[in-house]
Amino acid sequence: MCGEAPEVIYRIAAFCKENMAGYKRPRFIEFRDEIPLSNIGKVLRRVLRDEEMKGAE
């Protein structure tokens with residue numbers, strides 16, 4: 001998918017631009033193999049934020 005990633009990102013961004021208000025559009029698009037989930041199945045946003053903060057350091 002590496003070769004297709006820029007095209008896919010462009011198409012997702014274009015779709016969002018056409019169909020979403022500016023304040024609702026994602027600021028960036030990131031592909032992941034898996035998303036951290038709780039036992040109930042909800043996305044663990046805290047874990048995603050912590051990973052982002054570690055990457056910013």
Side-chain angles (χ1 to χ4, degrees):
M1 177 146 179
C2 287
E4 296 177 33
E7 176 64 24
V8 172
I9 291 172
Y10 173 77
R11 292 180 66 206
I12 291 170
F15 176 84
C16 291
K17 187 174 182 177
E18 291 175 12
N19 296 292
M20 301 173 86
Y23 69 94
K24 290 185 178 183
R25 279 187 229 137
R27 285 178 247 154
F28 61 91
I29 299 169
E30 176 182 339
F31 293 102
R32 293 177 156 255
D33 292 327
E34 58 182 51
I35 297 174
L37 300 174
S38 69
N39 293 336
I40 299 172
K42 292 184 177 183
V43 175
L44 292 173
R45 294 180 186 183
R46 171 181 22 91
V47 174
L48 295 173
R49 272 193 299 268
D50 292 345
E51 289 177 5
E52 186 68 27
M53 295 303 282
K54 286 181 185 175
E57 292 176 354

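Residues take their numbers from the sequence shown, with the count starting at 1. Keep in mind that what you see is a predicted model, and the values were worked out from it rather than measured.
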Nearest atoms (heavy-atom pairs only) where Val43 meets Leu48: CG1-CD1, 3.8 Å
Arg25 CZ: over 12 foreign heavy atoms closer than 6.0 Å: yes
Gap between atom CZ of Arg45 and atom OG of Ser38 - 0.5 Å precision: 11.5 Å
Between NZ on residue Lys17 and OH on residue Tyr10, distance to nearest 0.5 Å: 8.5 Å
Heavy-atom closest pair, residues Ile29 and Ile9: CD1-O, 3.9 Å
Euclidean distance, Lys24 NZ relative to Asn19 CG, rounded to 0.5 Å: 11.5 Å
Shortest non-hydrogen contact between Arg32 and Glu51, atoms and distance: NH2-OE1, 2.5 Å
Closest non-hydrogen atom pair, Pro26 against Met20: CD-SD, 4.4 Å
